[in-house]
Amino acid sequence: MEASAKNSSLTIERSSPTMVLPEHETPEGSISLTSLDQMAPMMMLYVYSFDRSDSNVVDVIKKALARVLVHYYPVAGRLARNSRGKLVVDCQKKLGVPFVEATADCDIENLGDKRLLDPDALDKLVYRDPKEHILEVAPLLTAQVTKFRRGGFILGIALSHYIADGVSTMNFMNAWAEIARGNPLSVIPCHDRTILKSRVPPQITGPYDEFVHIRDVSNMTALYEEQQFVYKALHFNAEKLATLKRMATKDEQVTSKCTTFVALAAFVWRARSIALNMKLHQQSKILLAVNFRSRLRTPLPDGYFGNTVVWPCCLCTKGELIEEPIFASATRIKKAIESATDSYVQSRIDYYDNNRLGGLPCGHTTNEFVDEVRVWLHRLWVGRAEVCDR
């Protein structure tokens, strides 16, 4: 299933943004970002679709946002640099969250499958602050509520990856929804990021293939500059995923040892390398986002608010990739994911801190694969409206 063409003609009318501040006084000072927080300098965009709504839904969501910001007060701050030049969240400079109300010229059903929105529709449903590219001025969160002709609405957010990963975003959105329903928070946020500081002295082990710079011997750069690329969102149903799992398992015996994520990553890695017509000796890399919250010997607090992702990778030539059976590619990926142990994570933190890295090198021969299925399979209720995201 591909992204529906009908949601590309969406027309909306936006209000001017108003700034939402925490309802009560919150701690001041600053919160230092970890090296892991600085590996993905980007905004994460999410939409939550509600098929029905009350007339006061915007007011309910807006007031709940002010209340949840009391608990998640860093979200209302701004990035800054301390005296040593390191990035921090300035919690004294609470400039708030831009909040936008919007109306659409169609019914919510006209959007089709909200999991497959095209970029144009997504840009209309999520407010992007015009200053988001200015690091120390940009808001860390924006929110937009879009109401549709015959009921229903979509809550769209843009959240800075500097301050949260997928699990932290889920906890924040759950807290926002709980407050909107008048319930206490089920998970109390933890803002102590010193938990993930580097060791003294550092204990760095390798190898670090995720930082290998790949030579573009296939001239992928020219291909990307000359060709027009068309966005497609593809849906793999249960039958297709079962077929991929059989292909990715030796002798096609489906076992629990090969996850859907591993099978799909192996397939996409191979298919993309072939589709781009890379030379056989072109190196190709796949980066795998692995959340390590459950992999540490000393578990993190359930409400830890920040980034807890490392990027183990697989690196080989296109020739090696397409000549080996797909289950061999899946085995490479599985071993890379399993390598993300407690010692691996601690070593990566030491390495990142001591090298002052600002992100992973990602070129046209690098594939990034993120497993968000387990993160986003949850339900939220705001007032009496239910949303099932992703």
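Atoms considered below: every heavy atom in the structure, side chains included; atoms not considered: hydrogens, waters and symmetry mates.
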> Any ion pair linking K124 and D118 (charged N to carboxylate O, less than 4.0 Å)?
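Between K124 and D118 there is no salt bridge, as every charged N stays at least 4.0 Å from the carboxylate O atoms.
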> Under a 3.5 Å cutoff, is there a donor and acceptor pairing between the side chains of T146 and Q144?
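Distance-only check passes for T146 and Q144.
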> Nearest 0.5 Å, what's the CG-CE distance between L33 and M39?
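CE of M39 is found 13.0 Å from CG of L33.
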> Do V75 and L185 land in one hydrophobic cluster if side-chain heavy atoms of ILVMFWY residues count as linked below 4.5 Å?
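Yes, because V75 and L185 connect within a single hydrophobic cluster, where side-chain heavy atoms sit under 4.5 Å apart.
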> Is it true that H161 and N307 share a donor-acceptor pair across their side chains at a distance under 3.5 Å?
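Their side chains do contain a donor-acceptor pair, which is all the 3.5 Å distance test asks for.
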> Any side-chain donor paired with an acceptor under 3.5 Å for S329 and R332?
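Not at all, the side chains of S329 and R332 share no donor-acceptor pair under 3.5 Å.
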> Could you walk me through whether T308 and R293 pass the side-chain hydrogen bond (donor to acceptor under 3.5 Å, both in side chains) check?
CA-CA 6 Å; T308 57; R293 289 173 187 249; 2.9 Å; yes
> Just grab all the salt bridge (Lys or Arg N to Asp or Glu O under 4.0 Å) pairs involving residues 96-106, residues at least two apart or on different chains.
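As it turns out, there is no salt bridge (Lys or Arg N to Asp or Glu O under 4.0 Å) pair with a partner in residues 96-106 once direct neighbours are skipped.
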> Any chance the side chains of W269 and S284 put a donor and an acceptor closer than 3.5 Å?
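Their side chains do contain a donor-acceptor pair, which is all the 3.5 Å distance test asks for.
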> Other residues, nucleotides and ligands only: do more than 12 of their heavy atoms fall within 6.0 Å of CG on D59?
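Check passes, neighbour count above 12.
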> Grab the two heavy atoms, one from R193 and one from T34, that are nearest each other, plus how far apart they are.
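So the minimum-distance heavy-atom pair works out to O-CG2, 3.4 Å.
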> Side chains of N171 and S168: is there a donor and an acceptor less than 3.5 Å apart?
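On atom types as modelled, these side chains do not qualify, holding no pair under 3.5 Å.
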> Would you check if there is a donor-acceptor pair between the side chains of S30 and D90 at a distance under 3.5 Å?
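There is no such pair between these side chains.
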> Are F292 and L300 close enough that some pair of their side-chain heavy atoms sits under 4.5 Å apart?
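Yes, their side chains come closer than 4.5 Å.
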> Say whether K86 and S32, considering side chains only, have a donor N or O and an acceptor N or O under 3.5 Å apart.
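Side chains of K86 and S32: no pair found under 3.5 Å.
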> Under a 4.5 Å side-chain heavy-atom rule over Ile, Leu, Val, Met, Phe, Trp and Tyr, are Y48 and L69 clustered together?
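As far as the 4.5 Å side-chain criterion goes, L69 and Y48 are connected within one cluster.
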> Should the pair R270 and F267 be classed as cation-pi, given the thresholds of under 6.0 Å to the six-membered ring centre and 45° from the axis?
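Checked: cation-pi criterion not met.
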> Could you tell me whether the side chain of F148 reaches within less than 4.5 Å of the side chain of I12, counting heavy atoms only?
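They are not in contact (no side-chain heavy atoms under 4.5 Å apart), so the answer is no.
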> Can you name the ring-ring contact (aromatic ring centres under 6.0 Å, His included) partners of F305, sequence neighbours left out?
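So F305 forms a ring-ring contact (aromatic ring centres under 6.0 Å, His included) with Y72, H191.
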> Can you give the donor-acceptor pairs under 3.5 Å from side chains of residues 194-201 to other protein atoms, not counting sequence neighbours?
unit_1	atom_1	unit_2	atom_2	d
T194	OG1	D192	OD1	2.4
T194	OG1	D192	OD2	3.4
S198	OG	D353	OD2	2.9
R199	NE	D350	OD2	2.8
R199	NH2	Q203	O	2.9
R199	NH2	D350	OD2	2.7

> Would you tell me whether R348 and Y344 have side-chain atoms, one donor and one acceptor, within less than 3.5 Å of each other?
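Looking only at side-chain atoms, Y344 and R348 do form a donor-acceptor pair, the distance falling under 3.5 Å.
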> Testing the basics here: between E178 and S186, what is the closest heavy-atom pair and its distance to 0.1 Å?
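Closest approach of E178 to S186, heavy atoms only: OE2-OG, 2.6 Å.
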> So does E109 pair up with R150, basic N to acidic O under 4.0 Å?
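Salt bridge between E109 and R150, a charged N being under 4.0 Å from a carboxylate O: no.
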